[in-house]
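One structure is given below, encoded as structure tokens.
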Amino acid sequence: MKFNSVNLEKLDQIAKVVAGQIESGVIELIGDVGAGKTTFTKSLGKHLGISEEVQSPSFTISRVYDLSDGRVLAHYDFYRLTDAGVMADELYDATHDPSTITVVEWADIVDGVLPEDRVIVKITSTAEDLRDVEVLGLNEEVWL
Ligand code: ADP
Ligand code: MG
């Protein structure tokens, strides 16, 4: 599904739908610096019921949040890495844990570790406060 002229409120609504649909598995976020990948993840975390605010994992590479239903949100950002090293093992474990939702920014260097079956969210900046957003990997009916 493609959305044009997405403002922050609309992005939050899209994240809400994704949060309601994804039980576990991987969400790959694609977009330039400042596109809104972390902003999307903050909304996703909010709609998954995480009480603390999702923080950018740029410096720590990964951050993990507990959901009240026992699941976990694992958020990765590989922007600063050229070699995933031991993080690839951690990522592999997260993506194969049926109670973990794994969100990855800058997934290129770990593409081989991620399962083919994933939700992809592509965010393209079109104006300061507007984005084009494409969501792949969810049943189209969820947007009706
Ligand atoms: P990334 O993680 O992709 O580098 P961030 O989410 O950290 O990007 O930053 C995106 C910035 O753009 C935030 O400051 C956010 O508030 C701002 N922004 C403004 N409008 C939008 C929008 N429609 N969608 C996403 N982010 C937006
Ligand atoms: Mg980010």
Side-chain angles (χ1 to χ4, degrees), residues 1-81 83-126 130-144:
M1 180 61 75
K2 276 186 182 172
F3 303 91
N4 297 317
S5 302
V6 172
N7 61 15
L8 279 173
E9 192 186 333
K10 176 69 179 171
L11 188 77
D12 187 66
Q13 288 170 13
I14 295 169
K16 183 179 181 180
V17 171
V18 175
Q21 291 299 317
I22 192 134
E23 216 176 280
S24 63
V26 177
I27 303 171
E28 178 183 1
L29 303 181
I30 300 176
D32 289 338
V33 172
K37 301 180 295 299
T38 298
T39 302
F40 177 89
T41 312
K42 284 177 193 281
S43 282
L44 187 80
K46 182 181 82 179
H47 292 298
L48 289 170
I50 295 167
S51 50
E52 63 186 306
E53 207 201 331
V54 168
Q55 306 276 348
S56 175
S58 292
F59 289 95
T60 52
I61 314 301
S62 81
R63 286 182 190 263
V64 175
Y65 305 88
D66 290 323
L67 277 62
S68 57
D69 62 8
R71 290 183 296 164
V72 164
L73 174 68
H75 183 195
Y76 292 84
D77 181 340
F78 290 103
Y79 185 66
R80 278 160 205 285
L81 293 189
D83 179 355
V86 70
M87 292 303 290
D89 298 336
E90 189 189 307
L91 181 68
Y92 181 89
D93 290 345
T95 59
H96 288 79
D97 174 6
S99 59
T100 297
I101 298 166
T102 307
V103 175
V104 188
E105 300 184 33
W106 301 106
D108 311 37
I109 63 164
V110 291
D111 196 58
V113 177
L114 296 180
E116 286 276 319
D117 184 17
R118 62 185 97 152
V119 173
I120 296 177
V121 180
K122 284 186 196 169
I123 310 175
T124 310
S125 188
T126 55
L130 297 175
R131 307 289 185 263
D132 284 352
V133 178
E134 187 174 12
V135 184
L136 303 169
L138 288 181
N139 192 321
E140 294 288 311
E141 285 168 23
V142 306
W143 306 107
L144 297 178

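Values in this document were obtained by computation on a predicted structure and should not be read as measured data.
A donor-acceptor pair is defined here as one N or O able to donate and one able to accept, closer than 3.5 Å; such a pair exists between the side chain of Glu140 and the backbone of Met1. Between the Arg131 side chain and the Asn7 main chain, no donor and acceptor come within less than 3.5 Å of each other. The backbone N or O of Glu134 sits nowhere less than 3.5 Å from a side-chain atom of Lys2 that would complete a donor-acceptor pair. Lys37 contributes a side-chain N or O that, together with a main-chain N or O of Gly31, makes up a donor-acceptor pair within less than 3.5 Å. A donor-acceptor pair under 3.5 Å is absent between the side-chain atoms of Asp32 and the main chain of Ala35, judged by distance alone. Counting only distance, with no hydrogens or angles, the side chain of Arg63 and the backbone of Ser56 share a donor-acceptor pair below 3.5 Å.
Between Ile101 atom CD1 and Leu44 atom CG the span is 6.5 Å, to the nearest 0.5 Å. Distance check, rounded to the nearest 0.5 Å: NZ of Lys10 to CG of Leu130 gives 13.0 Å. How far CE of Met87 is from OG of Ser62: 4.0 Å, rounded to the nearest 0.5 Å. Between atom CG of residue Leu67 and atom CD1 of residue Ile50 there is a gap of 4.5 Å, rounded to the nearest 0.5 Å. How far NZ of Lys42 is from NE2 of His47: 13.5 Å, rounded to the nearest 0.5 Å. Here the CZ atom belonging to Arg80 is positioned 13.0 Å from the CD1 atom belonging to Ile109, to the nearest 0.5 angstrom.
Counting heavy atoms from C-beta on, the side chains of Asp108 and Asp111 never come closer than 4.5 Å. When side chains are defined from C-beta on, Gln55 counts as touching Tyr65, because their heavy atoms get closer than 4.5 Å. Using a 4.5 Å heavy-atom threshold, the side chains of Ile123 and Ile30 count as separate. No side-chain heavy atom of Phe40 sits less than 4.5 Å from a side-chain heavy atom of Asp12.
Ring-centre distance between Phe3 and Trp143: below the 6.0 Å cut-off. Taking the six-membered ring where the residue is Trp, the centroids of Trp106 and Tyr79 are separated by under 6.0 Å.
Paired with Val121 under the rule side-chain contact (heavy atoms from CB on, under 4.5 Å), one option of Leu11, Leu138, Ile27 passes, and it is Ile27. Of the listed residues (Val104, Thr41, Asp77), just one forms a side-chain contact (heavy atoms from CB on, under 4.5 Å) with Leu29, and that residue is Thr41.
By the neighbour-count criterion of 12 heavy atoms within 6.0 Å, atom CG of Asp69 is densely surrounded, having more than that number from other residues, nucleotides or ligands. Atom CD of Glu23 has 12 or fewer neighbouring heavy atoms from other residues, nucleotides or ligands inside a 6.0 Å radius.
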Trace of the side chain to side chain contact (heavy atoms under 4.5 Å, CB included) decision for Leu91 with Phe78
CA-CA 11 Å; Leu91 181 68; Phe78 290 103; 4.0 Å; yes

Working note: Val26 + Val119, criterion side chain to side chain contact (heavy atoms under 4.5 Å, CB included); need CA distance, chi angles, decisive distance, verdict.
CA-CA 6 Å; Val26 177; Val119 173; over 6 Å; no

For the pair Asp97 and Arg71, evaluate salt bridge (Lys or Arg N to Asp or Glu O under 4.0 Å) and give the outcome as yes or no after the intermediate values.
CA-CA 10 Å; Asp97 174 6; Arg71 290 183 296 164; over 6 Å; no

List the steps, then state whether side chain to side chain contact (heavy atoms under 4.5 Å, CB included) holds for Gln21 with Asn139.
CA-CA 9 Å; Gln21 291 299 317; Asn139 192 321; 6.0 Å; no

Derivation and outcome, side chain to side chain contact (heavy atoms under 4.5 Å, CB included), residues Val86 and Asp89:
CA-CA 5 Å; Val86 70; Asp89 298 336; 4.2 Å; yes

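In the model, Thr100 has no side-chain atom that pairs as donor or acceptor with a side-chain atom of Thr102 under 3.5 Å. With no hydrogens or angles considered, a side-chain donor-acceptor pair links His75 and Glu105 at under 3.5 Å. When only modelled atom types and interatomic distance are considered, Asp132 and Thr124 share no side-chain donor-acceptor pair under 3.5 Å.
When all heavy atoms are compared, the tightest approach of Pro98 to Ser24 is O-CB, 3.1 Å. Scanning both residues, Gly45 and Leu73, for their nearest heavy atoms gives CA-CD2, 4.1 Å.
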